[in-house]
Novice: 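Sending over a structure as structure tokens; questions will come in a sec.
Scope of the values below: all heavy atoms of this structure, side chains included, with no hydrogens, waters or symmetry mates. Model, not experiment: these values are computed from the prediction.
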Amino acid sequence: MTAPTGPTPSTTPSTASTASTTSTTPTPSTASTPDVDVLHYSAFTTRPDGGNPAGVVLDAAALADDDAAMTAVAARVGYSETAFITERDQAARRYRLRYFSPLAEVAFCGHATIATAVALAERDGPGELVFDTASGEIRVETTADGDGPPRATLTSVPTRSRPADPGTELEPTLAALGWSADDLDPALPPHVAFAGNDHLVLAAATRERLADLDYDFDALDAVMRRHGWTTVHLVWRETAEPSADGSAESVVFHARDPFPVGGVVEDPATGAAAAAFGGYLRVLGLVGGQTRVRIRQGEDMGRPSDLLLDVTPDDPRARVSGQAVPIPRTGR
């Protein structure tokens, strides 16, 4: 995701309660506009009531030149993002993928990429997919094992990370969050990390600090728009070191992602931020070999999500994996 430039909805409160996921309450069903069918998936989960919901339009060719129509569809769906396939090369399994929040187009969105890849795998079979996005080429490998939903692994564009400026970036963000410098983990310094778009990474010193999130929506929105950030990626490190064999879930972080620039109080699963976080870990030298990080997100919102992040010291790209499931239609 890239920070939208449209106005924040007037219905959004200036001080946000983290109980809400979006500025509107979406209905978990398949929505339609003329010539457009919207599928509803939840990404980074195996349960429809977990993870991060996304709209998926597998055939949006009729809307390819109509940004206003895609924004309107995304607003009607009401999720943080809806993904639109506007061009396709079916034989090559290559697609032009665009993402829209209820406010505006965004350059890259991880959870909507995972949702779209799983929807394609369910329709056309597993295998490699290539998505051409505003942030660059994103390759996604989809697999289907056993009776569970397909798994998708996206490979990000090259990542980067730099220290946050204490005066212009860190101080106003902490003020908007209601945090102090003492709430931060001194071993994990604040950075602005990139994997298609920018995210401010702040590490909480305690799980309690991460859980107690009640921020000033308008103030954080203003800081993020000023610096072009998509989310503030708040993390807490549960385990300090990877195991010797680099096994799955050997490093565990918990995360929360305020997203006021998209009119959303908080994202329950943020694949783009997870990829950027991989770059952060790499730049800080916290990746001693091929390392898998498990990110638990959405727990404090009642939508638990699991993201697997793979990082290596010699590759600036990050790989983010997760499953996705359709959200059942109701009342139809």
Side-chain angles (χ1 to χ4, degrees), residues 1-3 44 107-111 135-136 138 153-166 168-170 173-174 177 179 181 183-207 209-210 220 223-224 227-242 246 249-259 267 269-297 305-322:
M1 299 175 294
T2 291
F44 296 114
F108 176 62
C109 173
H111 81 277
S135 290
I138 303 294
T153 300
L154 68 85
T155 299
S156 77
V157 298
T159 63
R160 59 179 182 263
S161 189
R162 62 161 177 84
D165 182 87
T168 63
E169 296 179 323
L170 181 57
T173 302
L174 291 178
L177 290 171
W179 290 21
D183 290 318
L184 301 178
D185 183 344
L188 297 170
H191 265 224
V192 176
F194 173 90
N197 38 51
D198 286 324
H199 305 259
L200 177 66
V201 178
L202 296 179
T206 66
R207 182 67 180 89
R209 174 67 279 181
L210 185 67
L220 188 59
V223 175
M224 293 174 66
H227 297 291
W229 302 333
T230 299
T231 71
V232 176
H233 191 54
L234 306 173
V235 300
W236 173 72
R237 181 165 55 179
E238 180 178 313
T239 58
E241 301 293 339
E249 303 179 9
S250 60
V251 180
V252 179
F253 280 83
H254 297 254
R256 302 187 74 171
D257 278 75
F259 184 34
D267 246 0
T270 316
F277 187 59
Y280 169 88
L281 296 174
R282 181 175 174 272
V283 166
L284 288 181
L286 298 176
V287 179
Q290 183 169 347
T291 301
R292 170 160 286 187
V293 179
R294 181 189 183 200
I295 299 175
R296 290 283 295 166
Q297 194 176 337
S305 307
D306 281 292
L307 301 83
L308 294 180
L309 168 65
D310 289 290
V311 193
T312 57
D314 57 352
D315 189 344
R317 301 171 300 171
R319 291 166 180 81
V320 179
S321 304

Novice: If you round to the nearest 0.5 Å, how far is OG1 of T270 from CZ of F259?
Specialist: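 Atom-to-atom, F259:CZ and T270:OG1 are 8.5 Å apart.
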Novice: Please report the shortest heavy-atom distance between G278 and A318, naming the atom on each side.
Specialist: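 Closest approach of G278 to A318, heavy atoms only: CA-CB, 4.5 Å.
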Novice: What residues, two or more places apart in sequence or in another chain, satisfy side chain to side chain contact (heavy atoms under 4.5 Å, CB included) together with S161?
Specialist: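 Side chain to side chain contact (heavy atoms under 4.5 Å, CB included) list for S161, sorted by chain: H191, A193, Y280, V283.
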Novice: I'd like to check the side chain to side chain contact (heavy atoms under 4.5 Å, CB included) partners of A274; sequence neighbours left out, ordered by chain and number.
Specialist: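 Only I295, L307, V320 meet the side chain to side chain contact (heavy atoms under 4.5 Å, CB included) criterion with A274.
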Novice: What pairs with A203 under side chain to side chain contact (heavy atoms under 4.5 Å, CB included), at least two apart in sequence or on another chain?
Specialist: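 By the side chain to side chain contact (heavy atoms under 4.5 Å, CB included) rule, A203 matches D185, L188, V235.
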Novice: Is a donor from one side chain sitting under 3.5 angstrom from an acceptor on the other, for D315 and T312?
Specialist: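 Not at all, the side chains of D315 and T312 share no donor-acceptor pair under 3.5 Å.
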Novice: Report the residues that fulfil ring-ring contact (aromatic ring centres under 6.0 Å, His included) with W236, sequence neighbours left out, ordered by chain and then residue number.
Specialist: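 Per chain and number, W236 pairs via ring-ring contact (aromatic ring centres under 6.0 Å, His included) with H254.
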Novice: If every non-hydrogen atom of P258 is compared with every non-hydrogen atom of M224, which pair is closest and at what distance?
Specialist: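 What the structure gives for the nearest pair is O-CE, 4.1 Å.
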Novice: Taking only residues two or more places apart in sequence, or in another chain, which ones meet T206 in a side-chain hydrogen bond (donor to acceptor under 3.5 Å, both in side chains)?
Specialist: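 T206: no side-chain hydrogen bond (donor to acceptor under 3.5 Å, both in side chains) contacts found.
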Novice: Considering all heavy atoms of both residues, which atom of H233 and which atom of A273 are nearest to each other, and what is their separation?
Specialist: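 Heavy atoms only, the tightest pair is ND1-CB, 3.5 Å.
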Novice: For R160, give me all partners under side-chain hydrogen bond (donor to acceptor under 3.5 Å, both in side chains), at least two apart in sequence or on another chain.
Specialist: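 Not a single residue meets the side-chain hydrogen bond (donor to acceptor under 3.5 Å, both in side chains) criterion with R160.
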Novice: Determine yes or no for a side-chain-to-main-chain donor-acceptor pair under 3.5 angstrom, with T153 supplying the side chain and S321 the backbone.
Specialist: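 Not confirmed, T153 side chain does not pair with S321 backbone.
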Novice: At their closest point, which heavy atom of H199 faces which heavy atom of T230, and how far apart are they?
Specialist: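 Smallest heavy-atom distance, with atoms named: CE1-CB, 3.8 Å.
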Novice: Rounded at 0.5 Å granularity, tell me how far CG in L308 sits from CZ in R292.
Specialist: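 So the gap between those two atoms works out to 5.0 Å.
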Novice: Would you indicate whether the side-chain heavy atoms of L177 and L202 approach each other to under 4.5 Å?
Specialist: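 Answer yes - side chains close enough.
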Novice: Looking at P313 and G289, what are the two nearest heavy atoms and their distance?
Specialist: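 Result for this residue pair: CD-O, 3.5 Å.
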Novice: What's the verdict on side chain to side chain contact (heavy atoms under 4.5 Å, CB included) for F277 and T159, showing C-alpha distance, side-chain angles and the deciding distance?
Specialist: CA-CA 9 Å; F277 187 59; T159 63; over 6 Å; no
